[in-house]
Visitor: 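Sharing a structure below in structure tokens format, with a few things to ask.
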Amino acid sequence: MLLQLVYYECPMLCGLVSRAMLDAARALGLKIGTDVAIVIVSIDPKEDPGLAYRKKQNYVALSGRKEQAGGWHLLTGEEQNIRRLAEATGFQYKWVERIQQYSH
């Protein structure tokens, strides 16, 4: 499993890192859903499953392998569960009110 914590509407690097993860899996010859699952979790509790679904469709299209769609898991959640996952993985983030973005 490849795990990435992001926020889907990140204006900086989250999308770039997600695409790099896809490129790395491809370069290693890994089949998503068979050899590896890609799990991307939003750190923003305001982001909803509809947004995650649209992002998943985008990544599946970028992969060029619709048959591997079942290996992509783009998730959202409640703040307490997101924080627990972030703490368990050592991922640090915080909301910066001044710029209305997450620092991560």
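Computed from heavy atoms alone, side chains included, the values below leave out hydrogens, waters and symmetry copies.
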Visitor: Kindly give the heavy-atom pair with the smallest separation between Glu78 and Pro45, and that separation in Å.
Guide: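 Where Glu78 meets Pro45 most closely, the heavy atoms are C-CB, 4.4 Å.
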Visitor: Verify, without hydrogens or angle tests, whether Arg19 (side chain) and Gly15 (backbone) share a donor-acceptor contact under 3.5 angstrom.
Guide: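 Yes; at least one donor-acceptor contact below 3.5 Å.
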Visitor: Examine distances only and state if a side-chain atom of Lys55 and a backbone atom of Glu9 form a donor-acceptor pair shorter than 3.5 Å.
Guide: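 Here the side-chain-to-backbone pair does not exist.
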Visitor: More than 12 foreign heavy atoms under 6.0 Å from CZ of Arg84: is that the case here?
Guide: no
Visitor: Measure the CD-NZ distance between Gln57 and Lys66 for me, rounded to the nearest 0.5 Å.
Guide: 9.0 Å
Visitor: List, by chain and then residue number, the residues other than Trp95 in its hydrophobic cluster (Ile/Leu/Val/Met/Phe/Trp/Tyr, side-chain heavy atoms under 4.5 Å); write none if there are no others.
Guide: Met1, Leu3, Leu5, Tyr7, Val39, Val41, Ile43, Leu75, Ile82, Leu85, Phe91, Tyr93, Tyr102
Visitor: Closest heavy-atom contact between Asp44 and Ser42?
Guide: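 In this case the closest contact between Asp44 and Ser42 is N-OG, 3.1 Å.
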Visitor: Can you see which heavy atom on Ala37 is nearest to which on His73, and at what distance?
Guide: CB-CD2, 4.2 Å
Visitor: Under 4.5 Å side-chain heavy-atom separation, chaining through any Ile, Leu, Val, Met, Phe, Trp or Tyr, what else clusters with Ile32? Say none if it is isolated.
Guide: Leu2, Val6, Tyr8, Met21, Leu22, Leu28, Leu30, Val36, Ile38, Ile40, Leu51, Tyr59, Val60, Leu62, Trp72, Leu74
Visitor: To the closest 0.5 Å, what do you measure between NE2 (His104) and CE (Met12)?
Guide: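 One finds 8.5 Å between NE2 of His104 and CE of Met12.
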